[in-house]
Amino acid sequence: MIIVMERNAPESQIRQVEQKLQDKGFQVHLSQGVERTIIGAIGERTQAIMEAFETMGGVEKVVPIVQPFKMASREFKSESTVVKVGDGWVGDGSMQVIAGPCAVEGREKFLEVAQMVKDAGATMLRGGAFKPRTSPYSFQGLEEEGLEILAEAKRITGLPVVSEIMDPRMIQMMCDYVDVLQVGARNMQNFFLLRELGKCDKPILLKRGPSATIEEWIMAAEYIISSGNPRVIMCERGIRTFEKYTRNTLDLSAVPVIKQLTHLPVIVDPSHGTGKWKLVEPMALAAVGAGCDGLIVEVHQNPSEALSDGPQSLTPDNFKLMVEKVTRLSAAMN
Ligand code: PEP
Ligand code: MN
């Protein structure tokens, strides 16, 4: 529930409410605005409890949070969360463009494509070092060597790097190399991993599971936030439907829904969302139109030779054309 204090309620009354909440076993989150204080309380809410707080001095009203997610909800925190990554911000109205190959395939190739996407306007680099492949016989990633290459690309280009974490045992090591830890679609409901990520201080890019409802996806964010890490960036990457023409069905309505239901930034992955490079640019533009805070796009120098996800990868030239249009569209929208 949320306890809205009266305008100019004195500090002593705020402390009393806070103390009583703690005595009753609630987790308390204070949000001190310019005009009034709002107290978010997580715990077992009953009618009697709400009434007990409603009658306390300085309390204007007690509002129940009806959604199953609490800390991620807009009701709990009305101002949008802005996540700092490197020198930039996700969710501040700017358009982040994260780009790079599906997987880090080798040092030379990665450093080259990193420079190419930077020159084309990318604001962050992506590249998988641990790859969640459907087949155990497919390329699984360069692992720590891949992370070293990512860190080198970061030093050279100055761009922050994003890479997928699959196992809680890798958190410590990955934090030494990357700026943003990506939770892949297949791990969206790996609750143990989510809880462990809640204990680290890196931003988390949380992809939507291939068959997750929006509510389940937000509940996954709730795991991370309630475990102590509020720096969550949501990522729509398409869901599985009966449609077979595209690899997934990119659910762009999720963008405004996430904005309405939560205070979290949301980005879109038109590469995995479609599985076809020719659809990446149109869906990237549609995502910008839907109000996303950024895009994550796969780019490869030679998509036909890529070790993973070649068919959905843009060439650096096509990526550059996409960025130009994205930049023009987001400027027009602002
Ligand atoms: C990826 O980003 O390369 C990836 C595997 O994405 P997803 O988890 O969305 O399938
Ligand atoms: Mn991929």
Side-chain angles (χ1 to χ4, degrees), residues 96-105 109-110 113 117 122 124-136 138-143 146-147 149-150 160-167 170 174 178-190 193-194 197 203-212 214 216-217 220-221 232-241 246-252 254-255 258 266-277 279-280 283-284 287 292 294-315 319:
Q96 293 295 328
V97 183
I98 308 168
C102 179
V104 180
E105 298 176 357
K109 263 204 273 184
F110 190 81
V113 78
V117 296
M124 286 187 224
L125 298 175
R126 65 149 289 149
F130 298 92
K131 293 307 302 175
R133 306 306 299 279
T134 301
S135 164
S138 302
F139 175 60
Q140 302 284 309
L142 296 181
E143 305 188 344
L147 296 174
I149 296 168
L150 282 166
V161 297
V162 182
S163 200
E164 178 166 352
I165 173 99
M166 296 212 295
D167 188 312
M170 303 297 170
M174 286 196 69
V178 309
D179 299 280
V180 178
L181 295 170
Q182 171 179 327
V183 176
R186 293 155 194 81
N187 265 317
M188 188 207 84
Q189 283 187 315
N190 182 339
L193 175 63
L194 299 177
L197 291 171
I204 310 297
L205 183 70
L206 179 63
K207 289 204 159 191
R208 180 177 181 182
S211 58
I214 291 177
E216 287 164 340
W217 180 26
V232 177
I233 304 160
M234 306 293 272
C235 177
E236 164 62 40
R237 49 76 75 201
I239 49 175
R240 187 165 282 195
T241 67
T246 46
R247 180 177 179 183
N248 290 293
T249 297
L250 189 62
D251 178 13
L252 288 181
V255 173
I258 290 295
V266 55
I267 70 165
V268 172
D269 176 347
S271 307
H272 294 87
T274 62
K276 290 182 153 74
W277 72 267
L279 300 180
V280 170
M283 295 315 282
C292 69
L295 299 163
I296 179 164
V297 175
E298 288 183 341
V299 181
H300 196 282
Q301 293 98 318
N302 189 355
S304 62
E305 296 289 320
L307 297 182
S308 63
D309 288 349
Q312 67 193 36
S313 298
L314 294 180
T315 60
F319 172 69

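Numbering of ligands and ligand atoms starts at 1, following listing order. The structure presented is a predicted model; accordingly, all values stated were derived computationally and were not measured. Worth knowing before you read on, the calculation uses all heavy atoms, side chains too, and leaves out hydrogens, waters and symmetry mates.
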Test log, rule side chain to side chain contact (heavy atoms under 4.5 Å, CB included), inputs C292 and I267: CA-CA 5 Å; C292 69; I267 70 165; 5.6 Å; no
Derivation and outcome, side chain to side chain contact (heavy atoms under 4.5 Å, CB included), residues L206 and L194: CA-CA 9 Å; L206 179 63; L194 299 177; 4.1 Å; yes
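One N or O on the side chain of Q301 and one on the backbone of K109 form a donor-acceptor pair closer than 3.5 Å. Of the possible polar contacts, none joining the D309 side chain to the H272 backbone as a donor-acceptor pair under 3.5 Å is found. Between the side chain of Q140 and the backbone N or O of S138, at least one donor-acceptor pair lies under 3.5 Å. Here the side chain of E105 pairs a donor or acceptor atom with the backbone of L307 at under 3.5 angstrom. The closest donor-acceptor contact from the side chain of D269 to the backbone of S271 lies under 3.5 Å.
The side-chain contact (heavy atoms from CB on, under 4.5 Å) test with V180 singles out one residue from V161, I204, I98, L205, and that residue is L205.
Any protein N/O/S atom under 2.8 Å from the Mn ion (ligand 2) was counted, giving 4 altogether.
Under a 4.0 Å N-O distance rule, the pair E164/R126 does not qualify as a salt bridge.
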Short N or O contacts of ligand 1 with protein, under 3.5 Å, listed by atom name?
residue: ligand 1; atom: 2 (O); partner: R126; partner atom: NH1; Å: 2.8
residue: ligand 1; atom: 2 (O); partner: R126; partner atom: NH2; Å: 3.3
residue: ligand 1; atom: 2 (O); partner: Q182; partner atom: NE2; Å: 2.9
residue: ligand 1; atom: 2 (O); partner: K207; partner atom: NZ; Å: 3.1
residue: ligand 1; atom: 3 (O); partner: R126; partner atom: NH2; Å: 2.9
residue: ligand 1; atom: 3 (O); partner: K131; partner atom: NZ; Å: 2.9
residue: ligand 1; atom: 3 (O); partner: H272; partner atom: NE2; Å: 3.2
residue: ligand 1; atom: 3 (O); partner: E298; partner atom: OE2; Å: 3.3
residue: ligand 1; atom: 6 (O); partner: K207; partner atom: NZ; Å: 3.0
residue: ligand 1; atom: 8 (O); partner: A185; partner atom: N; Å: 2.7
residue: ligand 1; atom: 9 (O); partner: K207; partner atom: NZ; Å: 2.9
residue: ligand 1; atom: 9 (O); partner: R237; partner atom: NE; Å: 2.7
residue: ligand 1; atom: 10 (O); partner: R186; partner atom: NH1; Å: 2.9
residue: ligand 1; atom: 10 (O); partner: R237; partner atom: NH2; Å: 2.8

